[in-house]
Structures are given as C-alpha cells and as structure tokens.
Amino acid sequence: MLTKVITAVTLSLAATVALATPQIQHWLAPSGARIYFVEDHGLPMLDVAVNFPAGSGFDTAGKVGVAHVTFGMLDLGAQELSEDDIARRLADIGAQLGGQYDSDRAGLSLRTLSNAKERDVALDILARCLQQPLFPEQVLAREKARLIASLKEAETQPESIADKAFGQAVFGVHPYGWRAEVADIEKIQRADLEGFYRAHYSAKRAVVALMGDVTREQAEVIAQQLTANLPRGEADARIAPVMIRIKPSEQRIAHPASQSHILIGTPGVARNDEDYFPLYVGNYILGGGGFVSRLMNEVREKRGLAYSVYSYFMPMQQPGAFQIGLQTKKEQADESLLLVRQTLRTFVDKGVTEKELRAAKQNIVGGFPLRIDSNKKIIDYLSVIGFYELPLTYLDDFTDRVEAVTTRQIRDAFKRRIDPDAMATVIVGAPEEKIEQKK
Amino acid sequence: MRVHLVAVALLLQVASVAQAQVYERTLSNGLKVIVKEDHRAPVLVQQVWYRAGSMDERTGVTGVAHVLEHMMFKGTKDVPRGEFSKVIAAAGGRENAFTSYDHTAYFQQLHKSKLPLAMKLESDRMHNLLMSEKEFAKEIKVVMEERRWRTDDEPRSLMFERLMAAAFQEHPYHNPVIGWMTDLQNMTAADALEWYQTWYAPNNATLVVAGDVRASEVFALAKRYYGAIPAGELPQRKEVGESVQLGIKRLTVKAPAELPFIVMAWQAPTLRDAEKDWKPYALDVLVGVLDGNSSARLNKSLVRDQQVAMDVGTGYDSVARGPGLFVIEATPREGKTVGDVEAALRAQLALLVRDGVNAEELQRVKAQVLAGEVYKRDSVFYQAMQIGMLESAGMSHKDIPVMLQKLQEVTAQQVQDAARELFNDDHLTVATLDPQPLPDKPKANRGAAHAH
C-alpha cells in the first residue's frame with residue numbers, strides 16, 4: 001500500500017509505469033519452440049499467437065508468392081477438417097482465428113473463451129492448422145484465382161502501384177522489394193506449398209505467445225500441443241542482407257486519380273540495431289508523432305497541402321524501409337515534394353532541439369501504459385519480443401531506453417542512416433506536364 | 001444442450017456485472033456524464049459526443065459537421081492553435097475525433113492521472129472556440145484533400161457515396177459525411193461558426209469516461225470543468241424520415257479499377273425501443289447467418305462452392321438515429337459478371353426466405369455474440385464507444401444488457417419473417433461499379449527509374 005501512496009505523489013512517470021509491466025514467463029517447449037507467456041485472469045479468455053520465420057522475405061527467386069499462399073492456406077483444410085469444418089467449429093464456440101503475415105513473419109493467432117469447453121476445441125483446431133495443413137488442390141486453385149484477381153485490381157489503384165514501385169526502388173533485388181506478379185501466382189503448385197511449409201514452419205523456429213486466463217501448467221501443455229508435431233527441419237531463419245546505400249531515383253507514374261501519391265524513402269533500420277531507439281524517438285519528431293510532428297506542421301498545419309503526411313521506420317530482421325508518405329492534389333504535388341524534401345534535409349542536417357526531444361520523451365514515456373493496456377496489445381509485444389529475440393526485459397527497459405536518447409544520438413543516427421540526396425521517390429498520379437518532360 | 005445453457009447464463013451474468021459498473025449523472029446544464037469503471041490497466045479514455053452529425057446539416061453546407069470537427073483543434077482564447085494537441089501529447093496521450101451521420105465525437109486516451117488535464121482542455125473548447133478566417137482557409141483545403149483521398153480516388157467509396165444518395169431521397173443520409181465537393185468549395189468560416197454555436201452545448205453532449213477511474217471522482221471533476229458552461233438553446237429537431245420505396249433503383253458508377261463490384265441495399269428498420277422491437281435483432285442475427293464466418297451461407301455458396309464471386313460481405317447497423325439499410329456486397333470472379341453474382345445472391349436469399357435458418361446456424365451466431373461480449377472488455381476504448389454511440393442514437397447504455405438478452409431470444413421463425421419482409425425488390429437499390437481501364441496503362445512509365 002505504501003508504494004501506491006508514494007507513486008501517487010511522485011511526479012516521475014517512469015515510476016508509475018514500471019508497476020504496470022506484465023511479467024513475461026519464457027521457456028523452451030520439449031518440441032524446441034520458444035514460448036512467451038503472461039498469465040492474467042482478469043477476463044475469461046485466452047489469446048495465442050504462433051509465428052514462424054516464414055514471411056515473404058523467405059521466398060526464393062522464381063517462386064515469389066509461395067510464402068504468402070502457404071500462409072493463406074493454413075486454415076483452409078487440416079487433418080480431417082475441411083475449411084468449412086474449421087470455420088464452423090470455431091464459430092460454434094465464438095473463437096476467432098486470425099493471422100500475421102509480413103516480410104519476416106507468418107503465423108496464426110487465436111482468441112477464445114478460456115472455459116475448458118471452448119478452449120479445448122479452439123486449441124485443437126489451431127493445433128491441426130499449424131501442424132497438419134492439407135493444402136487441398138481444389139482450394140489452392142480457387143485461392144490462386146482470387147489472389148490473381150486482387151493483384152490485377154491492385155495494379156489499377158494508386159496506393160498499391162506506389163507501394164510496389166517503392167519496394168522495388170528501395171530494395172532492388174532483395175526479397176523485401178519483391179511483389180508477386182500474376183505469372184508468379186499462376187505457376188504455384190501444391191508441392192511448392194508443402195516444401196515451403198516443411199522448410200519454414202519448423203518446431204525449432206516456432207515462437208508461441210500466450211496471454212490470458214490459463215495457468216503456467218496449462219500453458220506448458222498448450223505450447224507443446226501446438227508445436228510437438230511441427231516439421232523437424234532447421235531451415236536458415238536469416239534473410240539475406242539488405243543493401244543499405246541506394247542510388248537516388250525518382251519515378252513519375254501516370255494515373256487518372258485527382259491526387260498524387262508520393263512516397264520517399266530508403267532502407268532504414270533492423271529491429272535489433274543499436275540505433276533503433278534514437279531513430280524511433282527522432283522519427284516521432286520528424287513525422288511519427290501525429291499532429292505534433294514537423295512534417296505534419298509544415299505540410300498540413302501551416303499550408304493545408306495534405307490530409308495525411310507521415311514518416312516511419314519499419315524495423316525488420318534486416319533493415320526495413322524508412323518511408324515518408326503523403327497524398328495531395330496533382331497541382332500541388334511538386335510544391336509538396338519540395339517542402340517534404342526540405343523538411344527532411346533540415347532535420348538530417350540540424351537534428352532536433354532539446355525542447356522537441358523533451359516533448360517526444362514526454363509523449364512516448366508518458367504514453368507507455370497505453371501500449372500495454374489490453375491482452376491484445378500485450379500478446380503482440382510477446383510475439384515481437386519472441387520472434388526477434390529481444391530481451392525479456394524489453395518492456396521494463398522501454399522507457400529507460402527512450403529517456404536515454406540524446407539530441408546528439410538522433411542527429412548522428414540520422415546522418416549515418418538517411419541521406420537526403422540518396423532517396424527513392426515514387427509519385428503515382430504525377431502532374432502530367434512533368435511526365436511529358438521526363439519521357 | 002444443458003451445458004450450453006449454463007454457459008450462456010454465466011456469460012450473461014458476466015455481461016450484466018460489467019454493465020453494473022456503469023454510472024450515470026446529468027449536470028445542471030444538461031451534460032450527461034457516463035462512467036464505465038474498468039481497473040485492468042492504469043489508463044482512461046475521455047470521449048465527448050455531440051448529438052450533431054451530418055444528418056443535421058442543411059442543403060448547401062453539407063460537410064460542415066466534419067469541417068467544424070477539424071476546426072475544434074485550432075485554438076481558443078486561452079489555448080492557442082496547436083496547443084491542445086501539444087499538451088495532450090506531452091501528457092503521453094493520444095487524441096483524435098470523428099464525425100458520422102449521427103454524431104461528432106472527440107477523445108483522448110491517457111494515463112489515469114491525466115483526467116483533469118483532458119477535461120480542462122475539452123471543456124474549454126466546448127464553449128470558447130476561436131474561429132479564425134485564416135485557419136479556416138487552410139483547414140478547408142485539408143478537408144478537400146481528405147475528400148479526394150477517401151472518396152474521389154477510391155472507386156468503392158465513391159460508389160457507396162452514390163448509393164446512399166440514391167437510396168435516401170428525403171432523409172439527409174442522402175449526403176456524404178465528408179460533404180459534396182461544391183459545398184466544401186463554397187463553405188465559409190461563418191458556416192462553421194454557426195454550426196458550433198448551434199450544436200456545441202453541454203445539453204447536446206454526452207461525456208463518457210472509461211477506465212481506471214472512480215465514478216464519484218469523475219462526477220466531481222466533470223462538475224468542476226464542465227459544470228459552469230451555460231446550456232444552449234437547441235433548435236427544435238424535425239423528425240425526418242424516408243418514404244417507403246416504390247420500386248427497385250439501379251445505378252452505375254464508372255471509375256478506374258480492374259474488377260467490377262456490386263452492392264445491394266434494402267431499406268431496413270433500426271432500433272427504437274430496445275425492449276419492444278424485435279426485427280432489428282432478427283436482422284443482426286441474419287447478418288451472422290449470411291456472413292458471420294467464412295463458411296456462413298454467402299461465402300460458402302458464392303465464393304467457395306459456385307466460385308462466382310471473389311468475395312462477399314454483409315452489413316447492417318441496428319443502432320442509428322435515422323433509417324437503416326441492409327447491405328450485401330460482392331466482387332465477381334474473373335469471367336463472371338455482376339449479373340451472375342446478383343443472380344447467385346438472389347438464389348441464396350430466396351432459399352433462406354423459403355426454408356428459413358436451421359438451429360445450428362442460429363446457435364452459432366448467438367455463441368459468437370456472447371463471446372464477443374467478453375472480448376469487447378479487452379478494450380476500454382471500445383466499451384466507451386458503444387456507450388457513446390447508443391446515447392447519441394437516442395438510446396441508453398442501460399440498453400446494452402437488454403440488447404444482449406434480446407439477441408439471445410431471437411427465434412429461427414423471426415429471422416425468416418424478418419428476411420421475408422426485408423428482401424423485397426421494391427425496397428432495393430443496386431449499385432454496380434463499372435471498372436474503367438487506366439487511360440495510359442502505366443507500363444510506359446513504370447520501371448523507368450530516373451537518376452538525378
């Protein structure tokens with residue numbers, strides 16, 4: 001009780017925050033899978049997420065899209081269960097099956113009531129989807145057709161066109177820049193999925209996160225149940241290095257949309273990089289901090305040029321993208337582009353002020369409780385901590401790491417990472433006269 | 001079956017206990033204050049809901065509710081432009097606002113110790129907003145960019161906008177929340193100010209606070225910060241309706257896209273009396289029967305078995321100030337037309353109207369509703385949202401357990417009866433997206449990277 005009274009009168013936010021950090025339990029299952037568990041009986045429910053290094057970054061040349069289709073088919077038929085059985089039996093108990101898929105990760109997640117009656121059914125289905133997916137031929141044919149149609153649709157929409165061109169410009173031939181084409185999907189065979197699954201969904205590479213209303217003993221049983229029959233392989237979990245330095249480029253792509261979609265960027269930072277916190281805090285000031293960022297202030301607040309303007313680092317196993325993005329009507333695209341480039345250049349050259357840094361820390365540190373205020377948010381952190389093998393104290397240390405960032409570190413990290421003269425720029429729906437000139 | 005009934009009873013109990021932690025008080029100036037205590041994490045959310053949305057707008061000034069929402073961040077006499085957001089950010093908070101047909105709401109999410117700060121700022125802009133011509137001139141440009149981004153360049157949003165305009169001819173749901181572009185171009189700071197002066201008053205608002213708070217303390221703080229704001233004289237609200245449609249309506253929207261798309265929307269009732277109504281509950285269940293999981297009727301038949309559609313979806317909001325629409329949308333598979341999809345959809349609906357729903361389907365939907373009631377408690381924000389939406393629609397947070405109970409009581413016969421009445425062609429609007437190829441297939445430019 002005494003600590004509580006003291007906390008109430010202490011002005012230091014860090015002190016109040018530290019109390020709220022969830023206790024993460026970690027162990028290796030007999031299967032070899034890495035388990036991360038937070039026990040919490042506040043609500044009668046359980047969240048589970050099982051992830052593998054099996055994202056698009058593990059596609060191989062000539063077989064682009066296999067990772068995505070493998071992931072998409074996990075819950076469309078598994079050991080004695082048709083896709084309809086899976087969907088209906090989960091619905092019968094109100095359980096929700098979802099998934100995560102990006103360049104690094106692929107996996108399934110489950111939310112269920114924690115009553116044994118519901119929980120056991122839900123976990124049994126999840127266990128089968130993870131360990132005995134069937135990849136039925138007929139379902140594959142249908143899913144390929146759906147994916148192909150959505151790719152064709154994406155080729156007409158400015159946001160998707162921009163994303164694809166940006167990925168290619170920033171990552172070149174690296175898998176982070178690959179986007180499946182219609183022809184890639186067409187040639188995918190069931191054997192490709194089987195092979196990819198066996199190579200990348202192995203027990204030793206599995207990361208299981210559990211959050212909610214079960215005991216440690218139950219969690220141990222569940223973790224083993226979900227991973228014991230996974231493939232035995234030990235595929236390389238590393239993705240090829242990203243080329244950090246890119247040549248400057250500018251692509252202007254015609255589109256009848258009323259707005260230009262502008263993306264500017266370069267490879268950024270890896271998840272376990274020393275520079276991560278300085279870049280994260282710095283980017284809050286540049287374009288990550290909602291209404292109070294420099295980009296927002298220059299582009300929207302001062303000039304009304306765009307509704308949304310942002311910047312972010314996507315920390316991945318290898319350096320993911322640093323990206324600035326905005327949309328503005330065609331007539332003001334060049335003005336906006338110039339402004340954004342100037343803002344970035346000033347930021348990289350001069351860095352941030354002490355006042356800006358203080359404000360950023362106040363928000364990130366003071367807002368820390370909001371990052372872990374639900375089971376959903378906590379399990380997402382468990383998955384990331386487990387997948388990237390971050391310290392178990394990551395959440396405990398988070399605010400200290402942010403507090404430790406200096407203006408000098410930010411300037412130094414940006415200078416080394418972000419060269420305003422070597423950025424990839426993509427403008428979809430570019431002003432017409434400029435396209436003519438460039439041809 | 002017995003086991004299941006016990007589980008249902010338990011869950012209903014969980015839900016009613018949760019709802020018991022909701023407290024309500026109305027200040028003397030008419031501000032209704034609702035507190036949902038939830039002590040799982042040391043955080044809170046404050047939401048202020050104004051009962052003024054785009055449906056309260058007049059011809060020529062559509063979009064003004066939303067424009068004013070933007071202007072609410074532009075400062076008061078004590079809190080200069082940009083300061084509101086800075087102060088909330090420095091307190092570790094997240095904030096934003098949203099406007100819909102029925103309401104406009106503002107929120108901040110913060111550590112539990114920061115409620116006085118949030119109340120001080122939010123109460124200040126309830127009655128002290130400055131309307132600067134200069135700020136308006138910039139912000140209206142931002143809103144026009146938002147319209148281009150959300151609607152004009154988004155084929156499906158554009159189509160939905162035109163569908164609403166066709167389905168509603170009398171009711172102001174006819175107009176898009178973001179406003180017609182012409183109205184935005186002609187809007188003035190005076191329009192926004194008039195809106196503010198008309199609707200922004202404590203007696204037209206609901207304050208919802210949810211999280212790690214004590215209701216008594218919230219009431220005391222609310223009285224301190226909001227209590228002195230004078231009540232406004234609200235204009236008399238005219239009841240607006242929508243006549244029964246007298247025949248099918250069809251429209252086409254052409255936009256740059258690859259795939260066609262079809263939306264079918266039927267006139268539907270919305271909840272007026274949580275206790276006595278039954279049709280909106282039956283329609284909620286109908287949504288689940290058609291589309292509640294990936295093997296529910298529509299996805300199973302159209303996407304998986306017949307493979308006539310790429311995807312299909314169903315939507316219906318039972319809670320609204322105005323009349324409702326029951327919406328089904330689908331994307332034809334390559335080689336299939338919107339006509340093929342419409343025919344396949346109609347066949348499924350006819351089957352349902354003829355044979356009804358089976359006990360298994362009904363039970364499945366109810367189980368999902370109950371589980372959802374538990375999952376909902378993982379989000380303090382959503383719990384506050386649900387209260388605010390109900391209150392803004394003229395209902396009460398006390399209806400939440402009633403609605404849950406009523407959903408459990410829906411019978412197969414009611415679903416069939418409601419479906420039979422609903423799926424009447426005379427009350428139907430069908431919109432199709434006619435995809436237009438890009439004039440200059442971007443291949444010519446693409447891939448041609450230019451070095452500086």
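Residue numbering restarts at 1 for every chain, and letters A, B, ... go by the order of the sequence lines.
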| note | Residues B/L407 and B/K366: closest non-hydrogen pair is O-CE, 3.6 Å
| query | Is a donor on one side and an acceptor on the other found under 3.5 Å between the side chain of B/Y106 and the backbone of B/E95? | reply | no
| said: I need the residue from A/R142, A/Q327, A/H261, A/R146 with the largest number of non-hydrogen atom pairs under 4.5 Å to chain B. | reply: A/R142
| query | Does the side chain of B/S294 come under 3.5 Å of the side chain of B/N299 through a donor N or O and an acceptor N or O? | reply | no
| message | Ignoring hydrogens and geometry beyond distance, is a side-chain donor-acceptor pair present between A/Q332 and A/T328 at under 3.5 Å? | response | yes
| Does A/S150 reach the side chain of B/M310, with side-chain heavy atoms less than 4.5 Å apart? | yes
| request: Go through the atoms of B/H39 and report whether side chain, backbone, both or neither lie under 4.5 Å from a heavy atom of chain A. | output: neither
| message | Just so I understand: if I count every heavy-atom pair under 4.5 Å between each of A/S82, A/A306, A/A424 and chain B, which residue has the most? | response | A/A306
| field | Atom group of A/K247 that falls short of 4.5 Å from chain B, counting heavy atoms | value | neither
| message | Does any backbone or side-chain atom of A/E143 lie under 4.5 Å from a heavy atom of chain B? Answer side chain, backbone, both or neither. | response | neither
| A/D419 side chain to A/D421 backbone, donor-acceptor under 3.5 Å | yes
| query | Which bit of B/R148 is near chain A, if near means a heavy-atom gap under 4.5 Å: side chain, backbone, both or neither? | reply | both
| request: Could you tell me whether B/R147 and B/E145 have a side-chain N and a carboxylate O separated by less than 4.0 Å? | output: no
| query | Once the angle between the rings of A/Y307 and B/W149 is folded into 0 to 90°, is it parallel (under 30°), tilted (30 to 60°) or perpendicular (over 60°)? | reply | tilted
| request: Give, as side chain, backbone, both or neither, the part of A/K361 having an atom under 4.5 angstrom from any heavy atom of chain B. | output: neither
| said: Show the nearest heavy-atom pair for residues B/L117 and B/A91, with the distance to one decimal. | reply: CD2-CB, 3.5 Å
| query | If you tally heavy-atom pairs under 4.5 Å against chain B, which of A/V292, A/L305, A/L370 wins? | reply | A/L370
| Top contributor to chain A interface from B/K86, B/E360, B/R81, B/R94 [non-hydrogen pairs under 4.5 Å] | B/R94
| message | Could you check whether any side-chain N or O of A/N363 sits under 3.5 Å from a backbone N or O of B/G93, counting only pairs where one atom can act as donor and the other as acceptor? | response | yes
| note | Nearest heavy-atom contact between A/D213 and A/L43 is CB-O, 3.4 Å
| Non-hydrogen atoms of chain A under 4.5 Å away: do they reach the side chain of B/E154, the backbone, both or neither? | side chain
| task | Please state whether the side chain, the backbone, both or neither of B/S85 comes within less than 4.5 Å of a heavy atom of chain A. | result | both
| task | Examine whether an atom of B/Q109 lies under 4.5 Å from a heavy atom of chain A, and if so say whether it belongs to the side chain, the backbone or both; otherwise answer neither. | result | both
| Checking heavy atoms, do the side chain of A/R89, its backbone, both or neither come under 4.5 Å from chain B? | neither
| query | Using non-hydrogen atoms only, which part of A/I86 is less than 4.5 Å away from chain B: side chain, backbone, both, or neither? | reply | neither
| query | In terms of heavy-atom pairs under 4.5 Å, which option from B/L110, B/V369, B/D152, B/I88 contacts chain A the most? | reply | B/L110
| note | Under 4.5 Å to a heavy atom of chain A? For B/V303 that would be both
| message | Tell me which of these, B/P155, B/A309, B/S379, has more heavy-atom pairs under 4.5 Å with chain A than the rest. | response | B/P155
| field | Residue B/E139 versus chain A: region with a heavy atom under 4.5 Å | value | side chain
| task | Counting only heavy atoms closer than 4.5 Å, note whether A/R303 contacts chain B via side chain, backbone, both or neither. | result | backbone
| note | Comparing B/S295, B/G292, B/A296 against chain A, the one with the most heavy-atom pairs below 4.5 Å turns out to be B/S295
| A/K330: partners by side-chain contact (heavy atoms from CB on, under 4.5 Å), with sequence neighbours left out | A/S260, A/E432
| message | Please classify the contact between B/I140 and chain A as side chain, backbone, both or neither, with a heavy-atom cut-off of under 4.5 Å. | response | neither
| Basic-acidic side-chain contact under 4.0 Å: B/R40, B/D378 | yes
| note | Most contact-rich option vs chain A, by heavy-atom pairs under 4.5 angstrom, among B/K141, B/E146, B/K138, is B/E146
| said: I need the residue from A/G42, A/P256, A/A359 with the largest number of non-hydrogen atom pairs under 4.5 Å to chain B. | reply: A/P256
| query | Measuring heavy-atom distances to chain A, does B/K300 have an atom under 4.5 Å in its side chain, in its backbone, in both, or in neither? | reply | side chain
| field | Which of A/E83, A/Q157, A/K376 touches chain B most, by non-hydrogen pairs under 4.5 Å | value | A/E83
| request: Sort A/L76 into side chain, backbone, both or neither according to what part of it lies under 4.5 angstrom from a heavy atom of chain B. | output: side chain
| remark: salt bridge (charged side-chain N to carboxylate O under 4.0 Å, His left out) filter on A/D47, not counting sequence neighbours, yields A/R111
| query | Is it true that a side-chain atom of A/S114 and a backbone atom of A/M45 form a donor plus acceptor pair closer than 3.5 Å? | reply | yes
| Worked verdict on B/F84 versus A/F291 for ring pair (Phe, Tyr, Trp, His ring centres under 6.0 Å) | CA-CA 10 Å; B/F84 190 106; A/F291 290 124; 9.7 Å; no
| By a 4.5 Å heavy-atom criterion (distance strictly below it), what part of A/E153 contacts chain B: side chain, backbone, both, or neither? | both
| said: I'd like to know if B/R364 pairs up with B/E361 as an ion pair, taking the criterion as any Lys NZ or Arg NE/NH1/NH2 lying under 4.0 Å from an Asp or Glu carboxylate oxygen. | reply: no
| request: Check whether A/A169 gets within reach of chain B through its side chain, its backbone, both or neither, counting any heavy atom under 4.5 Å. | output: neither
| remark: From the list B/M144, B/R150, B/E135, B/H70, the residue making the most non-hydrogen contacts under 4.5 Å with chain A is B/H70
